[in-house]
Amino acid sequence: MNTKSKQDGGREKGAVLLEMRDVTIDGYSDDRWHPIIKGVDVTLKRGEVMGMIGESGAGKSTLGLAAMGFARPGCKITGGTIMFDGIDLLAISETERRALHGSRIAYVAQSAAAAFNPAHQLMNQTIESAVSHGIMPKADAEADAKKLFADLQLPDPDNIGYRYPHQVSGGQLQRAMTAMAMSSRPDLIIFDEPTTALDVTTQVEVLAAMREIVDRFHTAAIYITHDLAVVAQMADKIKVLRYGNQVEEADTRKMLKSPQEEYTKTLWAVRSLFKEEEKNDDVVLRMHEVDASYGGDVKVLHDVTIQVPRGRTVAIVGESGSGKSTAARVITGLLPPMKGEVYFNGKPLPPALKDRSKEQLQRIQMIYQMADTAMNPRHTVRDIIGRPLEFYLGLRGAERDRRVVELLELIELNEDFIDRLPSELSGGQKQRICIARALAAEPDVIICDEVTSALDQIVQEGILKLLLRLQSEFNITYLFITHDIATVEAISDEIVVMFQGGVVEQGPKSKILNAPFPPYTELLLSSVPQMDPDWLDTLLAERAKKGDELMKASG
């Protein structure tokens with residue numbers, strides 16, 4: 001590596017940094033080893049970003065981790081070579097590999113909530129690698145972290161680092177993790193779905209910041225994602241994986257314009273789902289004039305009223321920190337409101353979860369955003385789905401297991417998964433298990449908190465179709481929290497737009513998604529990435545122009 005300071009970007013752009021040849025990786029499940037990566041090659045140059053896409057279980061994250069010379073528990077690298085800047089990562093010692101991790105190679109995980117230590121402030125965790133590897137003194141590292149927080153559009157960048165992980169939103173935590181990876185100015189960053197938890201308005205700023213920092217420091221990056229529009233903005237080239245095999249690889253513009261393989265073409269053609277909105281005046285769930293806070297004087301929700309019709313889908317959209325998930329916590333009793341009521345079937349619910357009856361608990365279920373942290377890592381799928389079957393329905397033994405298998409089949413898995421642990425599942429499979437667990441209680445209302453954010457687009461469409469079919473068959477009501485406007489268009493009947501803890505507007509999908517828009521709704525809709533490599537540059541240029549015009553007008 002060029003010995004010129006990492007801080008000034010003194011690296012030779014275009015030189016080959018990573019070469020992976022004929023890499024094979026096995027995974028252990030069902031009492032035997034299975035091949036999960038089957039002879040894949042990767043070549044990456046300094047300053048180059050490779051987009052890695054494919055459906056859930058394709059091997060994207062496994063291959064990305066292998067670029068660090070690492071295999072997660074239950075996996076082993078069984079063949080091939082992995083050369084990083086002339087270093088054979090499979091031949092060096094574990095101590096030597098650890099010295100590279102966090103200094104020259106960094107990883108941004110899909111689930112920031114699972115990656116941060118809840119007992120330590122964000123700042124200490126952000127600067128740990130840079131300080132421990134001797135890259136910067138602590139004071140310099142803290143100053144640099146604050147600048148990175150600002151670059152990544154985190155609120156109050158000078159002070160947010162002194163909060164604990166539970167004191168920030170999921171989207172903010174994901175950006176803090178990106179800052180943590182970038183603090184050491186690594187040669188290589190593996191981004192594993194780094195914008196999954198971000199709303200579209202924040203995503204625009206974070207993508208721009210990531211791209212600018214990667215370019216400024218000539219950092220190479222592998223960008224793992226299922227969002228084709230996002231990878232179009234970030235990647236110089238795209239590699240498509242399926243079942244552990246490489247399907248094809250090409251420059252981004254060429255791949256978007258003319259994919260060669262049929263499987264790649266199906267990826268480009270997904271999300272044709274669109275549900276015609278239906279009206280229903282029978283309100284099953286209602287929040288009425290709710291204020292809420294997390295134990296302080298600062299309100300997180302302000303006078304929130306939301307109505308959810310029976311058997312319909314209400315989507316709540318808004319940027320990170322707007323109060324979407326907080327509203328869900330109030331409805332489920334996890335956060336008692338300061339003021340206001342939650343009504344179910346016209347009757348007020350006890351504010352606190354501990355005061356609700358077993359039947360009230362059964363009627364409203366929730367699927368959480370972070371599947372990694374929503375399941376006990378020591379419980380098998382049989383136990384995870386079986387627990388609500390026992391608690392609410394009294395099913396045990398063979399009867400319970402039969403219903404577990406039925407639920408697995410409903411979510412497009414099968415009996416082979418019943419004795420697997422969460423660590424043996426892909427991100428998409430974990431989320432589907434969480435969906436099955438919610439369905440097991442046979443609820444009236446399911447609150448879905450970003451339930452498709454971790455899923456590739458093919459599986460997303462399958463899950464959304466499944467949810468709509470279940471709604472049609474069992475008259476289930478959904479409150480769907482999401483930042484994905486395509487999901488909103490696909491499944492919602494009504495939309496609630498939230499901003500800074502309040503409701504901006506609520507109404508039928510046809511009204512909310514058609515002009516004229518309130519300014520914030522217009523900002524949300526304009527921030528949805530498009531399958532155009534120039535979309536982000538064009539959008540940023542348009543917003544900069546509008547900002548200049550406003551300054552001239554006000555001056």
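This structure is a prediction, so every number in the text was calculated from the model and none was measured.
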field: Short N-O contact, Arg402 and Glu399, less than 4.0 angstrom
entry: no
query: Where do Ala328 and Ile481 come nearest, in terms of heavy atoms and distance?
result: CB-CD1, 3.5 Å
Plane angle bin for Phe191 and Tyr223 - parallel if under 30°, tilted between 30 and 60°, otherwise perpendicular: tilted
Heavy-atom check, side chain of Pro443 versus side chain of Ile476, under 4.5 Å: no
field: Residues Asp26 and Lys76 bridged, charged N to O under 4.0 Å
entry: no
Glu505 CD to Ile512 CD1 distance, which is reported to the nearest 0.5 Å: 3.5 Å
field: Ile491 backbone acceptor or donor facing Lys509 side chain under 3.5 Å
entry: no
Neighbour count above 12 (heavy atom, 6.0 Å) for Asn514 CG: yes
Heavy atoms from other residues, nucleotides or ligands near NZ of Lys279 exceed 12 (cutoff 6.0 Å): no
- prompt: Would a distance-only check, ignoring hydrogens and angles, find a side-chain to backbone donor-acceptor pair under 3.5 Å from Arg356 to Pro350?
  reply: yes
message: By the definition side chain to side chain contact (heavy atoms under 4.5 Å, CB included), identify the one residue from Ile53, Asp192, Leu65, Val108 that meets it with Ile224.
response: Asp192
task: Output yes when Lys339 and Asp303 qualify as a salt bridge under the 4.0 Å nitrogen-oxygen rule, no when they do not.
output: yes
task: State whether Arg387 and Glu390 are salt-bridged, where the test is any N-O pair (Lys NZ or Arg NE/NH1/NH2 against Asp/Glu carboxylate O) under 4.0 Å.
output: no
query: Are any non-hydrogen side-chain atoms of Leu513 and Leu525 less than 4.5 angstrom apart?
result: yes
field: Check: Tyr263/Glu55 side-chain N/O donor and acceptor closer than 3.5 Å
entry: yes
- request: Looking only at non-hydrogen atoms, find the nearest pair between Leu407 and Ala440 and report the distance.
  value: CD1-CB, 3.7 Å
- request: May I ask you to decide if the ring planes of Tyr478 and Phe480 are parallel, tilted or perpendicular, using 30° and 60° as cut-offs?
  value: perpendicular
task: Determine whether Val314 and Thr477 make a side-chain contact, defined as any pair of heavy atoms from C-beta on separated by less than 4.5 Å.
output: no
query: Does the side chain of Ser61 reach to within under 4.5 Å of the side chain of Arg72, using non-hydrogen atoms?
result: yes
- request: Step through the shown structure and confirm whether more than 12 heavy atoms of other residues, nucleotides or ligands are within 6.0 Å of CD on Glu359.
  value: no
query: For Asn345, which of Arg286, Arg363, Arg310 qualifies under side-chain hydrogen bond (donor to acceptor under 3.5 Å, both in side chains)?
result: Arg310
- prompt: Can Thr373 and Tyr368 be counted as having a side-chain donor-acceptor contact under 3.5 angstrom?
  reply: no
